Amino acid sequence: MALALDQARLSLEAGGVPVGAVLAVGADVLAAGHNERVQNGDPVAHGEIACLRNAGRRPSYADTTLYTTLSPCQMCTGAILLFQIPRVVVGEARTFAGDLDFLRMNGVEIVLLDDPACEAAMQEFQTRYPQVWSEDIGGR
């Protein structure tokens, strides 16, 4: 999770949404990424999606764990289910709840850390850039 949080901070420093993600097999990191919506003008460049893109093609994700600083949105949840990633470690779900129960109901193991550093990064962003946050989550 420390690597994912480093990724989130990179995004925040660039004025972007501080969501970072890491894909790993055991202790081996396959890829990392962070939200790049603001930086690249790409509406689907969420942290989890950027991480999966950076991982490149894989014949299977059956042995992977996705670490993400924030509970996944519906789009990222869809990618997790599409690629059959079996385990997701979530930094926090207070600033954005996502739908962790939906992932659980579809067989994904969820580990929720309630990490105060992940929450603090998102709270800082939401305070500094409320319009961008509203845009990122669809104006909710």
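Fair warning: this is a prediction, and the values are worked out from it, not measured in the lab.
Separating the OH atom in Y67 from the CG atom in L3 is a distance of 10.0 Å, to the nearest 0.5 Å. Atom OG1 of T68 sits about 11.5 Å away from atom CG of L23, to the nearest 0.5 Å.
Residue pairs meeting the ring pair (Phe, Tyr, Trp, His ring centres under 6.0 Å) criterion with at least one partner in residues 25-44, sequence neighbours excluded, do not occur; the list is empty. Within the structure, every pair that satisfies the salt bridge (Lys or Arg N to Asp or Glu O under 4.0 Å) test and touches residues 120-131, not counting sequence neighbours, is listed here: E124-R128. Sequence neighbours left out, the pairs with a member in residues 83-98 that pass side chain to side chain donor-acceptor pair (under 3.5 Å) are R87-E109, E92-T95.
In terms of heavy-atom proximity, R58 sits nearest to V25 at NH2-CG2, 4.2 Å. For L70 against E48, the heavy-atom pair with the smallest separation is O-OE2, 3.6 Å. The shortest heavy-atom contact between I80 and P72 is CD1-CG, 3.9 Å. For the residue pair G20 and A8, the shortest heavy atom distance occurs at N-CB, 3.6 Å. When all heavy atoms are compared, the tightest approach of L52 to A79 is CD1-CB, 4.0 Å.
Scored by the side-chain hydrogen bond (donor to acceptor under 3.5 Å, both in side chains) test, T69 finds no partners at all (sequence neighbours excluded). Applying the side-chain contact (heavy atoms from CB on, under 4.5 Å) criterion to A32, with sequence neighbours excluded, gives Q7, V22.
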Name the atoms and distances for all side-chain donor-acceptor pairs under 3.5 Å in residues 10-17, with sequence neighbours left out.
residue: S11; atom: OG; partner: V17; partner atom: N; Å: 3.4
residue: S11; atom: OG; partner: V17; partner atom: O; Å: 2.7
residue: S11; atom: OG; partner: N35; partner atom: O; Å: 2.8
residue: S11; atom: OG; partner: Q39; partner atom: NE2; Å: 3.1

- [ ] Could you walk me through whether E36 and D42 pass the side-chain contact (heavy atoms from CB on, under 4.5 Å) test, one step at a time?
- [x] CA-CA 7 Å; E36 299 172 320; D42 182 347; over 6 Å; no

